[in-house]
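This report concerns only the one structure given below.
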Amino acid sequence: MAAAFRALPVLAFCLLCLYTPTAFGSSSASSTDFLRCLSSSIPSNLFVTQSSPSFTSILVSSIKNPRFFTPSTVRPLCIVTPTNASDVQSTVLCGRRHGVRIRVRSGGHDYEGLSYRSVSPGEVFAVVDLANLRSVRVNSAQATAWVDSGATVGELYHAVAKGSNGRLAFPAGLCPTIGVGGHFSGGGFGLLQRKYGIAVDHVINAVLVDAGGRLLDKNAMGRDVFWAIRGGGGESFGIVLSWQVKLVPVPPKVTAFIVPVTVDHGAVDILTKWQVVAPALPDDVFVRVLLMGRTASFQGLYLGTCEALLPVMRSRFPELGMNRTHCREVSWVESVLYVYVGSGDLIPEGDILNRTIPLDGFYKATSDYVRQPISRDVWAEIFTWLAKPDPGLMILDPYGANIGGVPESATPFPHRAGVLYNIQYMNFWGAGDDEGPHIRWIRDLYAFMTPYVSKNPREAYFNYRDLDLGRNVVVGNVSSYEAGKVWGEKYFKGNYKRLALAKGKIDPEDYFRNEQSVPPLVPRR
Ligand SMILES: Cc1cc2nc3c(=O)[nH]c(=O)nc-3n(C[C@H](O)[C@H](O)[C@H](O)COP(=O)(O)OP(=O)(O)OC[C@H]3O[C@@H](n4cnc5c(N)ncnc54)[C@H](O)[C@@H]3O)c2cc1C
Ligand SMILES: *[C@@H]1O[C@H](CO)[C@@H](O)[C@H](O)[C@H]1NC(C)=O
Ligand SMILES: *[C@@H]1O[C@H](CO)[C@@H](O)[C@H](O)[C@H]1NC(C)=O
Ligand SMILES: *[C@@H]1O[C@H](CO)[C@@H](O)[C@H](O)[C@H]1NC(C)=O
Ligand SMILES: *[C@@H]1O[C@H](CO)[C@@H](O)[C@H](O)[C@H]1NC(C)=O
């Protein structure tokens, strides 16, 4: 970043000479002028337009959900692949000057594809794809690291483990190919959350390019914006290039485990018990549940040996019947792969660096939070949903301990004290299948669950983005704060307003906008 900061004065000067706000339309004149501006500001090999031979391969490179890679998907005018901060600043300045909006993509795992597609036909936009900005610099003596947004969490985990001889880790998500940029800016939880909280609880600095093309660190962006990008969704506030994080200690060997239980072997009762046991276990034990078909698979991580874990499980959760055969004593990096893949096989550590994403699973997902245990009868009925035609799956992640111990307003991620667990509903299908029944299954199950989950608002996890929860309504030139409450308070509860105020400070004209970006709120004087 040091080199990038040195470029700042030059760009700040350009900002003054170039910047004039223009209307954001779909005129081809503005597109042509934008591309001409890019050509004169960044090397031509750093962007491709729809007519470039490599456009499709670059576009698809990090798409996770092929639902948004179809002939009717609204695609970007061009994709910029910057190699440093000044390329990003130049792109923003060209976008502002010529009325072309930017969507930023880090790992491309957005559930609704908002980092690379628009819902509105005719919207002209560019994508800034950060895949080339992905270095990780670990300072093991200080237990900190700088990680660029284009790194995957797998790359971060690998670098942290390698740089610390396996003594340090980072508490974030399970899927190794998710991008740091989207994941961190939306929260970021995983197997270490009960011990250490979530990714944003450990961010100590960040570097952001704002809508004026300025490069800002924590102090320069100000307290409110630095608060906002730690869980409020980066895309509303600018382009986060880098994050400095605190790392956390782990033992050289941890214990991963998977205990599958079928309905015939008591899954309903065990699950009913799990709801109160898992959020109250010691903070170094994490037990989530994956529900699929007639099986509840209890998957977990313990920060210690199997020998130390078994007495805890036998006394706190004897119903699970856990024994030594369920334990795998592995390194922390191996534990991530073991639980993520879930096949029962150990996966070589190096695989965590694999950035290739198989483009075969079409999916729709949504989420809930549970604050009161759900009754046994209702769980029995939920298993009938999992046995319907075209069923999906559910993942239950326990909270409590140190994820719950953080005040609701400390970060935009508000799902803290009192949450027992998060539910993720997911339904998958293949190419050529009719998506209708799969999407209907999720929507109907979500409706069925209404009485049993959090209310007023019905909470949802921002990183499990679902456009069914609501979309922005643009009034005049900006997204409406009032209309945004519909989805914003589900994701952020009372933090929605403070996010909108932060947006009003850094981007009052709503340049960085998507279907679920935080609308600006500018207090009347
Ligand atoms: C298979 C799978 C497994 C997952 N597992 C977990 C999990 O274990 N825990 C968890 O918490 N979540 C999980 N998620 C959800 C994941 O955290 C989100 O989808 C996350 O937003 C992905 O980040 P990304 O950079 O890959 O996505 P992108 O699609 O690149 O971006 C997502 C959003 O963030 C914005 N954005 C991206 N980069 C930046 C940036 N640098 N600056 C500003 N805005 C930016 C984008 O514009 C977009 O709106 C999972 C998702 C998938 C598909
Ligand atoms: C950023 O990269 C561009 C093109 O690759 C190069 O021309 C420029 O000098 C770089 N800027 C800095 C500050 O490194
Ligand atoms: C809003 O956009 C219109 C065109 O879409 C433009 O004429 C007007 O100046 C803009 N207003 C502001 C306040 O930016
Ligand atoms: C461990 O539990 C499994 C079932 O979950 C059982 O089949 C196996 O016999 C048990 N092993 C021991 C040593 O108790
Ligand atoms: C990387 O992952 C892809 C998709 O899962 C797989 O096809 C490929 O073989 C993997 N590559 C390596 C080197 O393991």
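In what follows, every heavy atom counts, from backbone to side chain, and hydrogens, waters and symmetry copies are set aside. Order of appearance sets the numbers: ligands from 1, and atoms from 1 within every ligand. This structure is a prediction, so every number in the text was calculated from the model and none was measured.
- Here Glu112 pairs with Lys364 in a salt bridge; the nearest charged N to carboxylate O distance falls below 4.0 Å.
- Nearest-residue assignment for atom 41 (N) of ligand 1 (options Val180, Val240, Leu208; heavy-atom criterion): Val240.
- Given atom 46 (C) of ligand 1, the protein heavy atom at minimum distance is Val104 O, 3.0 Å.
- Residue contacts with ligand 1 for Tyr340 involve side-chain atoms from C-beta outward but no N, CA, C or O (heavy atoms, distance under 4.0 Å).
- For the pair Arg96 and Tyr511, the cation sits on the ring face: its NZ or CZ lies under 6.0 Å from the ring centre, inside 45° of the axis.
- Taking CG of Leu174 as the start and CG of Leu301 as the end, the distance is 10.0 Å to the nearest 0.5 Å.
- Side-chain rings of Tyr302 and Phe257 stay apart, their centers remaining 6.0 Å or farther from each other.
- Here is the list of ligand 1 atoms found below 4.0 Å of a heavy atom in Ser149: 41 (N).
- Shown in contact with Thr325 at under 4.0 Å from a heavy atom are these atoms of ligand 4, numbered in order with element: 1 (C).
- With salt bridges taken as basic N to acidic carboxylate O contacts below 4.0 Å, one links Asp283 and Lys195.
- Of the protein's heavy atoms, Ile178 CD1, 3.9 Å lies nearest to atom 6 (C) of ligand 1.
- Any N or O atom pair closer than 3.5 Å counts here, and Gly182 shares at least one such pair with ligand 1.
- The shortest contact between atom 17 (O) of ligand 1 and any protein heavy atom is with His183 ND1, 2.7 Å.
- Considering backbone and side-chain N/O of Ser106, one or more are found under 3.5 Å from N/O of ligand 1.
- Looking at Glu235 and Arg103, no side-chain N of the basic residue comes within less than 4.0 Å of a carboxylate O on the acidic one, giving no salt bridge.
- Closest to atom 4 (C) of ligand 4, if we only count protein heavy atoms, is His326 NE2, 4.1 Å.
- Near Gly173, meaning under 4.0 Å from one of its heavy atoms, ligand 1 places the atoms 7 (C), 8 (O), 9 (N).
- Within the structure, the closest approach of Tyr116 to ligand 1 does not fall below 4.0 Å when heavy atoms are considered.
- Salt-bridge formation is not detected for the pair Glu334/Arg328: no Lys NZ or Arg NE/NH1/NH2 atom is positioned less than 4.0 Å from an Asp or Glu carboxylate oxygen.
- For ligand 1, the atoms lying closer than 4.0 Å to a non-hydrogen atom of Ile239 are 42 (N).
- At the top of the distance list for atom 5 (O) of ligand 5, counting protein heavy atoms only, stands Pro358 CG, 3.8 Å.
- For the pair Gly113 and ligand 1, no heavy-atom separation below 4.0 Å is found.
- Aromatic ring centres of Phe189 and Tyr461: separated by under 6.0 Å.
- The protein non-hydrogen atom at the shortest distance from atom 14 (N) of ligand 1 is Tyr464 CE2, 3.9 Å.
- Ring-centre distance between Trp441 and Tyr425: not below the 6.0 Å cut-off.
- Closest to atom 18 (C) of ligand 1, if we only count protein heavy atoms, is Asn463 O, 3.5 Å.
- Residue-level proximity to ligand 1 for Phe237 is absent, since no heavy atom of it falls below 4.0 angstrom.
- A cation-pi geometry, defined here as NZ or CZ lying under 6.0 Å from the six-membered ring centre and within 45° of its normal, holds between Arg458 and Tyr446.
- Between atom 27 (O) of ligand 1 and the options Glu235, His109, Lys64, the minimum heavy-atom separation is to His109.
- Of the heavy atoms in Asn514, only side-chain atoms (C-beta onward) come closer than 4.0 Å to ligand 1.
- For the ligand labelled ligand 1, residue Arg105 lies inside the 4.0 Å heavy-atom shell.
- In this structure, Tyr363 and Phe428 have tilted ring planes: the angle between them lies in the 30° to 60° band.
- Where the criterion is an N or O separation shorter than 3.5 Å, residue side chain and backbone included, Leu241 fails it with respect to ligand 1.
- Within the 4.0 Å heavy-atom cutoff, Gly108 counts among the residues contacting ligand 1.
- Geometrically, Arg230 engages Phe226 in a cation-pi contact defined by less than 6.0 Å to the ring centre and at most 45° from the axis.
- In this structure, Phe413 and Tyr369 have perpendicular ring planes: the angle between them is above 60°, well past the 30° mark.
- Polar contact check, Arg103 against ligand 1: no nitrogen or oxygen pair lies under 3.5 Å apart.
- For atom 9 (O) of ligand 5, no protein heavy-atom neighbour is found at a distance under 4.0 Å.
- The nearest protein atom to atom 2 (O) of ligand 5, hydrogens excluded, is given as Asn354 ND2, 2.3 Å; this is a heavy-atom distance.
- Considering only non-hydrogen atoms, atom 32 (C) of ligand 1 lies nearest to Asp110 out of Asp110, Asp129, Ile102.
- Residue contacts with ligand 1 include Arg465, since one of its heavy atoms falls under 4.0 Å from the ligand.
- Using a 4.0 angstrom heavy-atom cutoff, Gly187 does not count as in contact with ligand 1.
- Look at Lys503 and Asp224 and you find no salt bridge, because none of the NZ, NE, NH1 or NH2 atoms lies under 4.0 Å from a carboxylate O.
- Figure legend: cation-pi geometry between Arg498 and Trp227, with NZ or CZ positioned under 6.0 Å from the six-membered ring centre and within 45° of its axis.
- Trp243 CH2 to Ile229 CD1: the interatomic distance, rounded to the nearest 0.5 Å, is 4.5 Å.
- To the nearest 0.5 angstrom, Ile423 atom CD1 is 10.5 Å from Thr366 atom OG1.
- Ranking the protein heavy atoms by distance from atom 26 (O) of ligand 1 puts Gly179 N, 2.8 Å first.
- A salt bridge links Asp129 with Arg105: the closest approach of a Lys/Arg side-chain nitrogen to an acidic carboxylate oxygen falls below 4.0 angstrom.
- Within the structure, ligand 1 has Tyr363 among the residues with a heavy atom less than 4.0 angstrom away.
- With hydrogens left out, the protein atom closest to atom 14 (O) of ligand 4 is Asn323 ND2, 3.1 Å, a heavy atom.
- At a heavy-atom distance under 4.0 Å, only side-chain atoms of Leu130, from C-beta outward, approach ligand 1.
- Looking from atom 52 (C) of ligand 1 to the surrounding protein, the closest heavy atom is Tyr111 CE1, 3.7 Å.
- Here the protein heavy atom with the shortest distance to atom 24 (P) of ligand 1 is Gly107 N, 3.5 Å.
- Ligand 1 has no N or O atom lying under 3.5 Å from any N or O atom of Cys175, backbone or side chain.
- A donor-acceptor pair under 3.5 Å links the side-chain atoms of Ser343 to the main chain of Asp345, judged by distance alone.
- With ring centers used as reference points, Phe362 lies 6.0 Å or more from Phe69.
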